[in-house]
Amino acid sequence: MKFTSAYEPGEFEPDIYAAWEAADEFLPGGSVEASKGVYAEESPSTYSIVMPPPNANGNLHIGHGLTIATEDSLIRYHRLKGDFTWYIPGADHAGFETWVVYERVLEAQKHTRFEYSREELYAQVWDFVQEQRGNMELQVRALGASCSWKDLTFTLDENVVRRVYDTFQKMWNDGMIYRGEKLVNYCTKHQTAFADIEVEHEEEKGKLWDIAYPYDGGEIVVSTTRPETLFGDTAVAVNPEDKRYKDLIGKTVRLPLTDRNIPVIADEHADPEYGTGAVKITPAHDNDDFEVGERHNLPRIQVISFEGKMLPNCGPEYEGLTTKDCRKKVLKDLKEANLLRGERDIVHSVAHCYKCGTVIEPMLKEQWFIDVKKLAKTAIEHLEADEIKFYPSSKKQVLINYLKGLKDWNISRQIPWGIAIPMFKKVDGDEWIFDARTNLSEIEIGGERYIRDEDTFDTWFSSSHWPIVCTNWEEGAPNPYYPLNVMETGADILFAWVARMIMMGLYVTGEVPFREVYLHGLVLDAHGQKMSKSKGNVINPMELVSKYGSDAFRLGILRGRSAGMNQAFSEQSVVSGRNLCNKLWNISRFIQEMVDQSGGVKDPLEYTSDNMGEDWILREINEAKWQVESQMEHYRFSEAVETLHSLIWDKYADWFLESQKLYKNSSLLQNTLEAILKMLHPFAPFVTEAIWQNLSWTEGMLISAKWPSDFKYDPMSAEEFERLMDIVSHTRSTLQGLSEAYKGISSSDTNMLYGDDSIVDDNSLLIQYLCRVKAVISTEGEPRGLRLAIANSEIYLDVSEDAVAAYADLLEKRIMKIGRELDALNMRMMNPNYVDKAPAELVKETQDAIAEKQGLIERLKTERAAI
RNA sequence: GGAUCCUUAGCUCAGUUGGCUAGAGCGUACGAUUCACAUUCGUAAGGUCAGAGGUUCAAGCCCUCUAGGAUCCACCA
């Protein structure tokens, strides 16, 4: 006997995973060749998913847990269905994320990045990541991901870099890449630029100061939240419609604390309603001002350094101050100069570095940009042609709207950890050339020396190639795994990643990179709060896995989750998953015992005609299977889990197995259990495989078994069993009611009497067992006790008249309830429009229901009359 | 400011093209107990489907408005 009384996940999970992996079960069709497009059979159906690569040096968080549970259940389902499934794992160098971590490591060692060359740093981080990397991969395994490890792609792998360079070169040749001096979102702590999407805006309390800029015969008062940037002012703008300032347009005013004069210009940007209606223009340190500057050809004066300190051009008193200190000093000096006119509290949103929270400084910097017009336009066309189906569907339009307003994409990052930008600048001159030899910092072509750009690519630029590189897509070569069947990822990176994969997929391959997109929402804590370290409500998936098992975690996290929604998650749902695993384990243990009693070998499916429960469970399994198929098709994981939970627990165990305690049809038990194991396998791979391996008659591995085919059964017989279930439920309920109403009634002391009823007659033993009554006896024409209100039957509980009397109140309540239901139905039928316009089928159903309820009430009234 | 989504049992959520007598898990109450499982079994209570209108024979579902919440985008001198 290999079945212990409780399932212990830890005893089985590591060995089972190792066995799958050793048997190459994770490869498409189970062979290396198939992943390369070489098949034994003619064009098999394929199914591919790429894993959004977890950070190579990190630990998995709850979001990864959801990702893997979702993707792996799809993969396993399709594998059982016979598809050549390819689930390609990845590891992300996570450019900036990892860099932040590594900078802390350096800091701890009392070093800084500025002591090393770019190459040295790259090599150091590479080693650091390789050391850490195994951790993440072990955790992905612990979650049961049936991904093809032989195809693991690291985002800095050679083939990735090659593909990224190819694309970049193509874009360069197509004139889509340009170098521009623009304002970038700059973090002065990390000393790198960010894409707009990487910047977090937060509402903050701030102050709006009014500062007087004097001129001969007066002053103009400007409003600003950033007085320290006044050294970079190159104009004051007023709205052209603003009568207050009309006469000042074109005049010059004195810039306070300096000896510079700047012009007053007219620009729509100035909002007459806001502040004083006059605004200082600092093109080098403000996004809007930059645009105003472009419109009016204003000089751009950078006054803040990349370290976040004031530059010498601010004057010796201010040079070297941080922006914060400088603001204080400027305000103090303005006050002393009697130029500060006002100060008020405001709430405004301020951009912060999403990693360290430092205020983002818009800075002038030469960067590489991608002109996204064509990319976005093509993507929109394909989206509008419905080439990609979205779950939830609303996200498609959200994405289109985003693409319509997309600005040019800054792909330069000033961190060493990433793919080097393959651009070199002529030493003597301004010319830039493309060259893939980024291992060299300097190259020579035709006697000219070129120096490589120090920057690296934005990670999203390389990540946008993910479906292409993971499936080994090559121009002109057929590839059954591209486009992917589905891209499953978090709704929060719809813009950052999904949008860019679509643009890049179309640009490189001419095809959309995936046919469907399933987006999951955030996993919130049990109270619907976002998980965060500072709140201390972070749930570690690995802790849950070690406590309850991988399957329990997977079942728990998929429960109550639907596409695109941020939803709560609690340990409780994992407990419920664990219980289901244990239930299935014990079902199997019990079946194995029964099979052992009848020889322990595998029998072909047989079913006997005298047990309706067998027909019924075969029907229920068929129906559950069809439901799960449809639910998987529509990414309704939560419902699929519920369907299976209900099948296994409420139907298979509570009714079928209970009835089998009397009938023991060994071959049927075997065949139905196998079907159930297969159906639950996508969600709970370990326990189902563990059972499969423990059962005496099964062969091979469950992971690569075939999805069950339909069972044949007798539908009449299955329906009859439902009647039996009705009788049993009703009896139990009535007995419970009786025992609560009248002390001394217990089911085991009560006899069930029946009149002319073939179902009871044929199944008296089963009914006796399921109802736990003393005996089921024919009335022999002498009914007594309480008659049960069950359609088409004559069944009594043999209890005293006093007990029946005590039960009267409950009975009355039930009659009332059914009466109300009957009234509602009658109302419906009395409406001529309903009878006219509703489908005939429905009207018939209503009529039947009325007849049934009338009959029921009659019988209940008889019960009452008998009291 | 713009957009999207959400509001259903005590809690967390399902509810597909309108047909519902609104479901599940957990929790609660009552009862059971050698015989697969206490990670168990049985029974029950619990809902004006956020509010107000509208369309329809019929609305949790479709439309309009209102209130509350979440997220994203843009902007805020």
Side-chain angles (χ1 to χ4, degrees), chain A residues 3 5-7 196-197 201 206 208-209 222-226 237 269-271 274-282 286-289 346-350 392 394-395 397-398 401-402 405 491-492 494-495 521-522 524 526-528 530 548 552 559-562 564-570 572-573 575-576 578-594 630-631 634 636 638-639 641-642 645-646 653-654 657-658 661 729 732-733 735-737 739-740 746-748 771-772 817-818 820-821 824-825 828 831-839 841-842 845-846 849 853:
Chain A
F3 286 100
S5 72
Y7 173 59
D196 293 340
I197 207 157
H201 293 268
L208 188 66
W209 288 278
V222 303
S223 297
T224 182
T225 54
R226 300 206 59 193
H269 167 64
D271 175 2
Y274 194 90
T276 60
V279 54
K280 64 198 240 357
I281 301 298
T282 324
D286 182 278
N287 288 307
D288 289 327
D289 293 2
I346 54 156
V347 175
H348 60 154
S349 95
V350 179
S394 60
K395 295 290 179 187
Q397 200 51 48
V398 173
N401 291 342
Y402 170 76
D492 54 333
L494 176 64
F495 298 152
L522 290 178
L524 308 173
H527 307 289
K530 229 176 190 171
Y548 299 107
R559 262 298 169 83
R561 214 154 288 280
S562 44
M565 299 261 294
N566 297 345
Q567 285 161 316
F569 173 67
S570 73
Q572 199 54 250
S573 63
V575 171
S576 159
R578 186 269 317 260
N579 294 355
L580 179 61
C581 293
N582 189 61
K583 185 75 183 177
L584 186 62
W585 178 260
N586 273 288
I587 286 169
S588 309
R589 173 161 110 118
F590 179 56
I591 289 176
Q592 181 67 61
E593 276 174 22
M594 291 204 268
S630 151
Q631 284 153 348
H634 298 98
R636 295 171 170 272
S638 179
E639 285 171 54
V641 169
E642 264 178 42
H645 181 106
S646 154
D654 289 350
L657 278 194
E658 286 305 311
K661 285 178 180 172
S729 297
R732 284 168 174 172
S733 171
L735 275 167
Q736 179 81 10
S739 73
E740 277 166 29
S746 83
S747 62
S748 56
C771 296
R772 304 286 196 269
K817 183 168 177 269
I818 295 165
R820 281 195 301 273
E821 289 168 9
L825 291 173
R828 198 184 292 179
N831 180 351
N833 284 324
Y834 173 71
V835 184
D836 271 6
K837 295 185 182 173
E841 228 180 61
L842 199 70
E845 267 176 39
T846 310
K853 285 200 194 303

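We name chains A, B, ... by the order of the sequence lines, and we start the count at 1 in each one. Remember, it's a predicted structure, so these values are computed and weren't measured experimentally.
In this structure a side-chain-to-backbone donor-acceptor pair under 3.5 Å is present from A:R561 to A:Q567. Judged by distance alone, the side chain of A:N586 and the main-chain N or O of A:A6 form no donor-acceptor pair under 3.5 Å. Listed for the A:S638 side chain is no donor-acceptor partner under 3.5 Å among the backbone atoms of A:S562. Using modelled atom types, no side-chain atom of A:N566 and backbone atom of A:G521 make a donor-acceptor pair closer than 3.5 Å. Not one N or O on the side chain of A:S646 forms a donor-acceptor pair closer than 3.5 Å with the backbone of A:E642. A:S576 places no side-chain N or O within 3.5 Å of a backbone atom of A:Q572 that could act as its donor or acceptor partner.
Using a 4.0 Å heavy-atom cutoff across all strands shown, A:D654 reaches sugar-phosphate atoms only and no base atom. No engagement by A:S638 is indicated, since no non-hydrogen atom pair under 4.0 Å with the nucleic acid exists. Counting non-hydrogen atoms under 4.0 angstrom, A:A568 reaches the backbone sugars and phosphates but no base. Counting any heavy atom pair closer than 4.0 Å across all strands shown, A:D836 reaches no nucleic acid atom. Using a 4.0 Å heavy-atom criterion, one finds that A:P839 contacts the bases of the nucleic acid, with or without backbone contacts as well. A:R732 comes within 4.0 angstrom of the backbone, heavy atoms only, and of no base. At a threshold of 4.0 angstrom between heavy atoms, the contacts of A:L208 are confined to the sugar-phosphate backbone, with no base atom among them. In this structure, A:K395 reaches neither bases nor backbone, as no heavy-atom distance under 4.0 Å exists between it and the strands shown. If you check every strand for non-hydrogen atoms under 4.0 Å, A:F569 touches nothing. Residue A:A526 is in sugar-phosphate contact alone, with no base atom involved, counting any heavy-atom pair closer than 4.0 Å across all strands shown.
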Could you check A:Q736 against A:R732 for side-chain contact (heavy atoms from CB on, under 4.5 Å), going step by step and ending with a plain yes or no? CA-CA 6 Å; A:Q736 179 81 10; A:R732 284 168 174 172; over 6 Å; no
Kindly determine whether A:L494 and A:Y402 satisfy side-chain contact (heavy atoms from CB on, under 4.5 Å), including the steps that lead there. CA-CA 10 Å; A:L494 176 64; A:Y402 170 76; over 6 Å; no
Set out, in order, the CA-CA distance, both residues' side-chain angles and the distance that settles side-chain contact (heavy atoms from CB on, under 4.5 Å) for A:H269 and A:D289, then state yes or no. CA-CA 9 Å; A:H269 167 64; A:D289 293 2; 3.8 Å; yes
Checking side-chain contact (heavy atoms from CB on, under 4.5 Å) for the pair A:Y274/A:V279: CA distance, chi angles, key distance, verdict? CA-CA 9 Å; A:Y274 194 90; A:V279 54; over 6 Å; no
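Contact between the side-chain N/O atoms of A:S573 and the OP1/OP2 oxygens of B:U12 is not found at any separation under 4.0 Å. For A:R559 and B:A14, the shortest distance from a side-chain N or O to OP1 or OP2 is not below 4.0 Å. When the side-chain nitrogen and oxygen atoms of A:K583 are compared with OP1 and OP2 of B:C41, one or more of them lie within a distance under 4.0 Å. Taking 4.0 angstrom as the limit, A:R589 places a side-chain polar atom (N or O) nearer than this to OP1 or OP2 of B:C37. Distances shorter than 4.0 Å separate some side-chain N or O of A:Q567 from OP1 or OP2 on B:A14. Regarding contacts with the backbone of B:G15, a side-chain N or O of A:R636 is found under 4.0 angstrom from either OP1 or OP2. Note on A:S746: every side-chain N or O is 4.0 Å or more away from OP1 and OP2 of B:G31.
Rounded to a whole Å, the CG atom of A:L657 is 15 Å from the P atom of B:C35. Taking atom CZ of residue A:F590 and atom P of nucleotide B:C41, one finds them 13 Å apart after rounding to whole Å. For A:M565 and B:C72, the CE to P distance is 15 Å, given to the nearest whole Å. Protein atom NE2 of A:H645 is 18 Å distant from nucleotide atom P of B:A14, rounded to whole Å. Distance, A:L580 CG to B:G25 P: 11 Å, rounded to whole Å. A straight line from CG of A:L522 to C1' of B:U12 spans 16 Å, rounded to a whole angstrom. We find that OH of A:Y402 is positioned 16 Å from C1' of B:U4, with the value rounded to whole Å. In this entry the distance linking CD of A:Q397 with C1' of B:C73 reads 14 Å, nearest Å.
Nearest nucleotide to the A:K853 side chain, out of B:U21, B:A24, B:U39: B:U21. Between B:A36, B:C57, B:U43, one nucleotide has an atom nearer to the side chain of A:S733 than all others, and that is B:U43.
Nearer to the 5' terminus of RNA chain B, by closest-nucleotide assignment, is the contact made by A:S394 (compared with the other of A:S394 and A:G528). Projected onto RNA chain B by closest heavy-atom contact, A:L825 and A:H269 fall at different nucleotides, the more 5' of which corresponds to A:L825.
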Dot-bracket encoding per residue of RNA chain B, Watson-Crick/G-U cut-off under 3.5 Å, | denoting interstrand: (((((((..((((.....[...)))).(((((.......))))).....(((((..]....))))))))))))....
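For B:A36, the base has a donor-acceptor partner in the side chain of A:K661 [N/O atoms by modelled type, under 3.5 angstrom]. Taking 3.5 Å as the limit, the base of B:C30 and the side chain of A:Q736 contain a donor-acceptor pair of atoms between them. Below the 3.5 angstrom threshold, one finds a donor paired with an acceptor across the side chain of A:E658 and the base of B:A36.
Distance noted for atom C1' between B:C5 and B:C75: 23 Å (whole Å). Here the separation of B:C26 from B:G68, taken at their P atoms, is 36 Å to the nearest Å. As rounded to the nearest Å, B:G23 and B:U8 have C1' atoms that lie 10 Å from one another. Atom name P, nucleotides B:C41 and B:C57: the rounded distance is 48 Å, in whole Å. Using P as the reference atom, B:G46 and B:A9 are 14 Å apart when rounded to the nearest Å. Rounded to the nearest Å, the gap between the P atom of B:A52 and that of B:C61 is 13 Å. B:G51 and B:G42 have their C1' atoms separated by 41 Å, given to the nearest Å. Nucleotides B:U71 and B:U56 have their P atoms positioned 40 Å apart, rounded to a whole Å.
The minimum heavy-atom distance linking A:A526 with A:S570 is given by the pair CB-CB, 3.6 Å.
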